[in-house]
There are 2 protein chains.
Amino acid sequence: MKFSAQTEYGLKAMINLAQRGDKTKSIKLIAEEEGVSPKYLEKILNLLRKQDLVESFKGTNGGYALKKSAAKISVADIVIILEGPIEPMKCVGKVCHMENSCSLKNVWSILGQQIEHTLRKIKLSDLIK
Amino acid sequence: MKFSAQTEYGLKAMINLAQRGDKTKSIKLIAEEEGVSPKYLEKILNLLRKQDLVESFKGTNGGYALKKSAAKISVADIVIILEGPIEPMKCVGKVCHMENSCSLKNVWSILGQQIEHTLRKIKLSDLIK
DNA sequence: CAGATACCCTACTAATTTAGTATGCTTTAA
DNA sequence: TTAAAGCATACTAAATTAGTAGGGTATCTG
C-alpha cells in the first residue's frame, strides 16, 4: 500500500518547479537539489510533459516549467500520471463468487474514490511555502 | 497504488470463513472455493493466525475458523497484517528539503490515516450476505 | 495403536515490477 | 558552429511478490 519512488520524485520535482514560478529550470539542477538521478528524473518529467503538466524548452538556458499555475495542479493529477489510475485492487483471483468479490469490489471502489478525492483537493500551491 | 494479491486472497478467505460461522473449514476447501493455490493460502492463513484473527485445529476434520465474531474483525485488521502498516509513502529521496518533503509527509500522513479509518469501519460482517 | 488428515515450518524458485543506466539523436541560444 | 539542454528507446539491475517443495507435528477415527 505504497506509492512508488517515481511518484515521490515527480512530486518533489513539481513542487520544486512551483517554487520557481514560471521560470525554467534544468533537469540537472532539479535532480541535484532533490537528490535524484538526472536520467531517471528526465524520464519522469517526460511523462508529466506528455500529459501537459509541464512544458520544456530546449537549448542553452532551456529546462522545464509548470504549464499551468500551481493552484490548478493537484497532487492527484501527478499521482495518476505516475502511478496509474487509483484502483486499490483489481481482483486477480480466478474464482469470483458474487457474494465475496462483489462486496470486496465495492470496498475498493469506495476507497479509491475517497483517495482520489483527497488528493484532488491538495494543490501544488498548498505545498509551497 | 494497489494492494497485493496476498491481501485479496486473505480477505476472500476471511469472508469465506465468516460465512461459515464458527465451524472450521480446511485450507484445501477454502483454496478450492476461492481459486487460490492451497500452499500459498496456507502461508497467508498462518500470518492471520499468528495475529489472532483465526484459530486452527489439526487432525481429521480440522481446519480454520474465525477467532472473533465477524462483527469484530475489520478489513483494516486484515489489510494491515498482510500489507504492513498503511503508510502511502516513506520518503526514499536522499535529500529532504524542509519546504518540500515536510509538506509531502503531511499529505501522506493525512491520507494514510484516512484510508485506515475507512477500512477500520468496514467489518467482515458487512461483507457477507 | 495405526494410519490418515490437516496444520506447521523453513527454505527455495520463479515471475513481475520498479528503479536506474546507456546511448545516440534533435533542437536551440549564444 | 558549438555547447547546452531536452527527446527517445532500449537495456540492466535490484527489489518485491507470488508461488512451490518437502518434511515435521498434532489429532481424530477406527
Side-chain angles (χ1 to χ4, degrees), chain A residues 1-13 17 23-32 34-65 67 79 81-84 87-94, chain B residues 1-13 17 20 23-32 34-51 53-65 67 79 81-84 87-94:
Chain A
M1 191 49 200
K2 299 221 181 316
F3 294 100
S4 64
Q6 169 165 290
T7 297
E8 178 190 338
Y9 298 158
L11 276 163
K12 281 183 160 186
L17 283 175
K23 274 174 291 185
T24 67
K25 198 171 202 175
S26 71
I27 289 174
K28 198 182 160 198
L29 188 52
I30 301 172
E32 212 165 81
E34 303 298 343
V36 180
S37 146
K39 272 298 187 186
Y40 194 30
L41 186 58
E42 187 173 6
K43 190 183 290 181
I44 294 168
L45 283 171
N46 245 295
L47 291 169
L48 295 171
R49 178 181 55 84
K50 283 175 182 159
Q51 302 299 321
D52 282 326
L53 253 48
V54 294
E55 57 188 332
S56 62
F57 303 90
K58 290 187 175 180
T60 313
N61 298 324
Y64 282 85
K67 198 162 182 186
V79 165
I81 291 169
L82 299 179
E83 201 78 16
E87 293 164 344
M89 177 70 80
K90 49 169 212 305
C91 276
V92 296
K94 296 137 204 161
Chain B
M1 190 49 200
K2 298 220 184 316
F3 293 99
S4 63
Q6 168 165 291
T7 298
E8 177 191 339
Y9 298 158
L11 276 163
K12 282 183 161 187
L17 284 175
R20 178 81 168 176
K23 272 175 289 185
T24 68
K25 199 172 202 175
S26 72
I27 289 175
K28 198 182 160 197
L29 189 52
I30 301 172
E32 213 164 79
E34 303 297 344
V36 181
S37 146
K39 272 298 191 183
Y40 194 30
L41 185 58
E42 186 174 5
K43 192 185 289 183
I44 295 169
L45 283 172
N46 243 297
L47 291 170
L48 296 171
R49 177 181 55 83
K50 283 174 181 160
Q51 302 299 322
L53 254 47
V54 295
E55 56 188 333
S56 61
F57 302 91
K58 290 187 175 179
T60 314
N61 299 324
Y64 282 85
K67 198 160 181 186
V79 165
I81 290 169
L82 298 179
E83 202 78 14
E87 293 163 346
M89 178 70 80
K90 50 168 209 311
C91 277
V92 298
K94 297 140 203 157

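First the proteins, then the strands, lettered A, B, ... as listed; each starts at 1. When reading the values below, keep in mind they use all heavy atoms of this one structure, side chains included, and skip hydrogens, waters and symmetry mates.
Listed nucleotides: C/dC7, D/dT29, D/dT20. Nearest to the side chain of B/Ser26: C/dC7. The side chain of A/Ser4 lies closest to C/dA19 when the candidates are D/dC28, C/dG20, C/dA19.
By the 4.5 Å heavy-atom criterion applied to side chains, B/Ile30 and B/Tyr9 are not counted as neighbours. The side-chain heavy atoms of B/Gln6 and B/Leu47, taken from C-beta on, include a pair separated by under 4.5 Å.
For D/dA18, the OP1/OP2 oxygens have no side-chain nitrogen or oxygen of B/Ser37 closer than 4.0 Å. Phosphate contact (OP1/OP2 of C/dT18, side-chain N/O of A/Tyr40, threshold under 4.0 Å): absent. The phosphate of C/dA19 (OP1 or OP2) has no side-chain N or O of A/Tyr9 nearer than 4.0 angstrom.
Residues meeting the salt bridge (Lys or Arg N to Asp or Glu O under 4.0 Å) test with B/Glu42, sequence neighbours left out: B/Lys39.
Here the P atom of nucleotide D/dT16 and the NZ atom of A/Lys2 are 11 Å apart, to the nearest Å. Rounded to a whole Å, the CD atom of B/Glu55 is 11 Å from the P atom of C/dC8. The distance between atom CG of B/Asn61 and atom P of C/dC7, rounded to the nearest whole Å, is 11 Å. In this structure, the CZ atom of A/Phe3 is 18 Å from the P atom of D/dT16, given to the nearest Å. Atom CG in A/Leu41 sits about 14 Å away from atom P in D/dA5, given to the nearest Å. One can place NZ of B/Lys25 at 12 Å from P of C/dC7, the figure rounded to the nearest angstrom. In this structure, A/Glu32 atom CD and D/dA5 atom P are separated by 11 Å, rounded to whole Å. Atom CD1 of B/Ile44 and atom C1' of C/dC7 are 15 Å apart (whole Å).
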Worksheet, complete the sentence: Per-nt protein contacts along nucleotides 7-15 of chain D (heavy atom under 4.0 Å; B base, S backbone sugar-phosphate only, - none) come out as BB-B-----
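Not a single donor-acceptor pair under 3.5 Å links the side chain of B/Lys25 to the backbone N or O of B/Gly63. Looking at A/Glu83, its side chain does come within 3.5 Å of a backbone N or O of A/Ser4 through a donor-acceptor pair. Panel note: side chain A/Lys2, backbone B/Glu87; a donor-acceptor pair is recorded below 3.5 Å.
For A/Lys28 and A/Glu32, the salt-bridge test fails: no basic side-chain N is under 4.0 Å from an acidic carboxylate O.
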